[in-house]
Amino acid sequence: MVSKITVKAPSSTANLGPGFDVFGLAIDAFYDEITLTKIKKGITIVTDDNVPTNPENNTAGLVVKNMKDKFKIKDGIEIKIKKGVPAGFGMGSSAASAAATAVAFDKLFRLNLDGNSLVEFAGYGEKASAGSVHYDNVAASVLGGFVIVKTTPLDVIRIEPPTNLRMCIAVPELVVPKKKTKVSRGVIPKKIKLTDSILNLSNAAAIVAGFMKKDSDIIGNSIKDVIVEPARQHMIPGFSKVKQNAIKAGALGVTISGAGPSVIAFAKSSSNLKKICLEMSKGFASANTKCKTIICKPSKGSADKRK
Ligand code: HSE
């Protein structure tokens with residue numbers, strides 16, 4: 001009988017501009033690794049990383065607690081967490097831990113859950129960091145590729161991205177607030193103009209068409225958000241310059257990665273990706289901010305059996 005299992009889950013970028021809380025894309029920049037081991041009782045967290053070790057406040061702990069209750073599992077569980085995704089930078093760090101945990105739990109207890117259920121269980125983990133459940137990052141981390149999240153009832157649609165799609169991500173060296181996602185959700189307007197909603201909807205629809213047609217130009221050219229990005233950009237020093245520089249260097253579209261503060265540029269494998277990264281760094285430097293840059297591509301998910 002299996003008593004121990006290890007699962008890796010990728011980082012992800014949420015929103016892709018106009019798809020706030022709806023779009024997610026798994027990216028191969030970083031991975032979290034979770035090992036679940038059956039023990040006599042309780043839930044214990046083992047980690048060398050700077051994450052809460054009280055299961056009630058820990059993403060993976062919340063997922064295990066909820067799944068244990070739901071499936072009436074008596075065994076205790078030790079959760080070993082190896083963080084690869086930097087926390088608090090808009091790269092789906094909590095979601096990666098939650099996604100790996102839900103998939104590991106499913107395998108350990110042979111539950112055979114479908115994709116939507118895995119995403120739903122992983123979503124509980126997001127409560128620990130965002131204060132509310134949103135499924136865009138976890139859906140990408142669990143299923144891989146590009147995802148569209150429909151809610152009430154939860155239904156995730158996955159689309160395989162074009163093979164030439166590339167992303168340049170600039171991660172600024174900033175001190176982020178402890179509950180960053182909660183803070184950056186607090187600045188979004190509660191009411192929006194119909195004309196803004198129409199603009200965002202048209203771009204979101206075009207992004208979906210771009211993924212369906214495997215056309216990175218359509219995807220990149222439609223990464224335009226007139227609702228959430230303008231409300232959040234003041235939290236990212238040099239954002240306008242970073243964006244402008246990346247576009248000048250050949251990026252197709254640029255936006256905030258998830259709740260930020262990382263900035264993500266969409267491009268193609270044939271673009272000058274190093275130049276885009278360099279120009280993004282210069283943009284941050286203009287606001288006296290250092291950053292790390294990463295060139296990455298879409299990833300498979302933690303439950304993705306495809307090679
Ligand atoms: N859609 C979420 C947000 C993602 O932008 O707040 C957070 O990672």
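Just so you know, ligand 1 is whichever comes first in the structure, and atom 1 is the first atom listed for that ligand.
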Item to check | Protein heavy-atom partner closest to atom 3 (C) of ligand 1 - residue, atom, separation in Å | outcome: R185 NH1, 3.3 Å
Checklist entry - ligand 1 versus N15, non-hydrogen atoms closer than 4.0 Å: side chain, backbone, both, neither? => result side chain
Checklist entry - Is a side-chain N or O of K224 found less than 3.5 angstrom from the main chain of N221, in a donor-acceptor match? => result yes
Checklist entry - Which of the numbered atoms in ligand 1 are below 4.0 angstrom from a heavy atom of D21? => result 1 (N), 2 (C), 3 (C)
Next on the checklist: For atom 7 (C) of ligand 1, what is the closest protein heavy atom, and at what distance to 0.1 Å?
Outcome noted: H134 CE1, 3.3 Å
Checklist entry - Would you say N58's side chain and P52's backbone share a donor-acceptor pair under 3.5 angstrom? => result yes
Checklist entry - Does D136 approach ligand 1 within less than 4.0 angstrom via side chain, backbone, both or neither, non-hydrogen atoms only? => result side chain
Next on the checklist: For atom 8 (O) of ligand 1, what is the closest protein heavy atom, and at what distance to 0.1 Å?
Outcome noted: N137 OD1, 2.9 Å
Checklist entry - Is it true that a side-chain atom of S271 and a backbone atom of A267 form a donor plus acceptor pair closer than 3.5 Å? => result no
Item to check | T44 (side chain) donor-acceptor with E78 (main chain) under 3.5 angstrom | outcome: no
Next on the checklist: Between T293 (side chain only) and A170 (backbone N and O only), is there a donor and an acceptor less than 3.5 Å apart?
Outcome noted: no
Checklist entry - Between K243 and E229, does at least one N-O distance fall below 4.0 Å, as a salt bridge requires? => result yes
Checklist outcome for this item: ligand 1 atoms nearer than 4.0 angstrom to some heavy atom of R232 are 3 (C), 5 (O), 6 (O)
Checklist entry - Just how far is it from atom CD1 of I43 to atom CD1 of I77, taken to the nearest 0.5 Å? => result 7.0 Å
Checklist outcome for this item: ligand 1 atoms nearer than 4.0 angstrom to some heavy atom of G258 are 5 (O)
Next on the checklist: With heavy-atom distances below 4.0 Å as the criterion, list the atoms of ligand 1 near A14.
Outcome noted: 4 (C)
